[in-house]
Asker: 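Below are the structure tokens for one structure; questions will follow.
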Amino acid sequence: MVLVSVIDPSGQLSYWPVAVEPAPPPPPPPTAAPPLPTTSRKRKHEDEAASQPHIKKPRNAFMLFLNEQRPKVAAEKGMKGSAAVNAAVGQMWNSLSKEEQARYYEEAEAERLLHTMLYPGWSTAANYGKKRKRTERTDAM
DNA sequence: CCACCTTTGAAGGGC
DNA sequence: GCCCTTCAAAGGTGG
């Protein structure tokens with residue numbers, strides 16, 4: 001547990017208890033080690049993932065809410081697919097009091113700040129455009 | 001085996 | 001600067 005001194009947007013100096021335990025993606029190595037495989041057995045996945053870990057976007061309030069409610073809702077309602085559960089949790093979210101929602105917003109905000117501290121200058125653009133995700137909107141046509 | 005489906009939020013990218 | 005597109009998770013199912 002390391003206390004990281006950070007300046008809050010409010011100008012408040014706060015010490016963030018950064019737990020070393022929940023291992024976030026490792027910092028990018030200053031020098032890319034040349035992977036010289038004596039036997040070219042490894043497929044591209046391992047090498048690319050090892051050299052450049054896809055640093056994921058900071059999750060929003062919902063992702064935090066989802067990760068808490070999803071297993072419970074899935075167990076209670078016996079839902080199979082994640083999509084159905086996510087939709088159900090989404091409805092629960094709308095039923096939440098703004099104070100309860102605000103709690104997740106603050107956690108999400110803290111996580112974003114933590115992400116920024118861990119990866120200064122990192123842009124979400126790293127993973128941008130990787131998935132196709134069509135969300136085909138029929139209204140366009 | 002990976003993309004889809006889904007949610008809202010957050011953020012980038014385009015205009 | 002504003003609006004739209006894309007990712008973030010995540011699990012079974014389909015292509």
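Quick note: numbers below take in every heavy atom, side chains included, and nothing from hydrogens, waters or symmetry partners. Since the model is a prediction, treat every value here as computed from it, not as a measurement. We name chains A, B, ... by the order of the sequence lines, and we start the count at 1 in each one.
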Asker: Take atom CD1 of A:Ile55 and atom P of C:dC7, then tell me their distance rounded to the nearest Å.
Answerer: 17 Å
Asker: Whole Å only: how far is the CH2 atom of A:Trp122 from the P atom of C:dC7?
Answerer: 14 Å
Asker: Which comes earlier along DNA chain C counting from the 5' end, the contact point of A:Lys130 or that of A:Gly81, where each point is its nearest nucleotide?
Answerer: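 The residue mapped nearer the 5' terminus is A:Lys130.
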Asker: Whole Å only: how far is the CG atom of A:Leu113 from the C1' atom of B:dA10?
Answerer: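 For the pair A:Leu113 CG and B:dA10 C1', the rounded distance is 13 Å.
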Asker: Using a 4.0 Å cut-off on heavy atoms, which residues in residues 66-80 of chain A reach DNA chain B? List them by number, or say none.
Answerer: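 Hits under 4.0 Å, by residue number: A:Leu66.
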Asker: With the threshold set at under 4.0 Å for non-hydrogen atoms, list the residues of residues 57-65 of chain A touching DNA chain C in residue-number order.
Answerer: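 Residues of residues 57-65 of chain A that come under 4.0 Å of DNA chain C are, in numerical order, A:Lys57, A:Arg59, A:Asn60, A:Met63.
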Asker: Hey, which of these two, A:Ala108 or A:Ala84, hits DNA chain B nearer its 5' end, going by closest nucleotide?
Answerer: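 Nearer the 5' end of the strand: A:Ala84.
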Asker: Using salt bridge (charged side-chain N to carboxylate O under 4.0 Å, His left out) as the criterion, list what pairs up with A:Glu106, not counting sequence neighbours.
Answerer: none
Asker: Of all residues at least two apart in sequence or in a different chain, which pass the salt bridge (charged side-chain N to carboxylate O under 4.0 Å, His left out) check with A:Arg103?
Answerer: A:Glu68, A:Glu107
Asker: Could you state the CG-P distance from A:Asn86 to C:dT13, rounded to the nearest angstrom?
Answerer: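 Roughly 16 Å, once rounded to whole Å.
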Asker: Taking all heavy atoms of A:Ala108 and all of A:Ala61, pick out the closest pair and write down the distance.
Answerer: CB-N, 3.4 Å
Asker: Taking only residues two or more places apart in sequence or in another chain, which ones pass side chain to side chain contact (heavy atoms under 4.5 Å, CB included) with A:Thr124?
Answerer: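 By the side chain to side chain contact (heavy atoms under 4.5 Å, CB included) rule, A:Thr124 matches A:Lys57.
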Asker: Write down the distance between CD (A:Glu107) and P (B:dG9), rounded to a whole number of angstrom.
Answerer: 15 Å
Asker: Show me the pairs that pass salt bridge (Lys or Arg N to Asp or Glu O under 4.0 Å) and involve residues 78-99 of chain A, at least two apart or across chains.
Answerer: none
Asker: Mind running a 4.0 Å heavy-atom check of residues 87-97 of chain A against DNA chain B and sending the residues that fall below it, in number order?
Answerer: A:Ala87, A:Trp93
Asker: Which atoms of nucleotides 13-15 of chain B (N or O only) lie under 3.5 Å from a protein N or O atom, and what are those distances?
Answerer:
none

Asker: Residues in side chain to side chain donor-acceptor pair (under 3.5 Å) with A:Lys72, at least two apart?
Answerer: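 Listed in chain order: A:Gln69.
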Asker: Please identify each residue that fulfils salt bridge (charged side-chain N to carboxylate O under 4.0 Å, His left out) with A:Arg70, with sequence neighbours left out.
Answerer: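 Per chain and number, A:Arg70 pairs via salt bridge (charged side-chain N to carboxylate O under 4.0 Å, His left out) with no residue.
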Asker: So, using salt bridge (charged side-chain N to carboxylate O under 4.0 Å, His left out) as the criterion, who are the partners of A:Glu100 when residues are at least two apart?
Answerer: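 Applying salt bridge (charged side-chain N to carboxylate O under 4.0 Å, His left out) to A:Glu100 gives none.
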Asker: For A:Lys131 and B:dG12, what is the distance between atoms NZ and C1' respectively, to the nearest whole Å?
Answerer: 15 Å
Asker: How many angstroms lie between CG in A:Asn60 and CD in A:Glu111, if you round to the nearest 0.5 Å?
Answerer: 9.5 Å
Asker: Linking directly or through intermediates, with side-chain heavy atoms under 4.5 Å: list the remaining ILVMFWY members grouped with A:Val85, chain and number order.
Answerer: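 When side chains under 4.5 Å apart are linked, the cluster holding A:Val85 also contains A:Phe62, A:Met63, A:Leu64, A:Phe65, A:Leu66, A:Val73, A:Met79, A:Val89, A:Met92, A:Trp93, A:Leu96, A:Tyr104, A:Tyr105.
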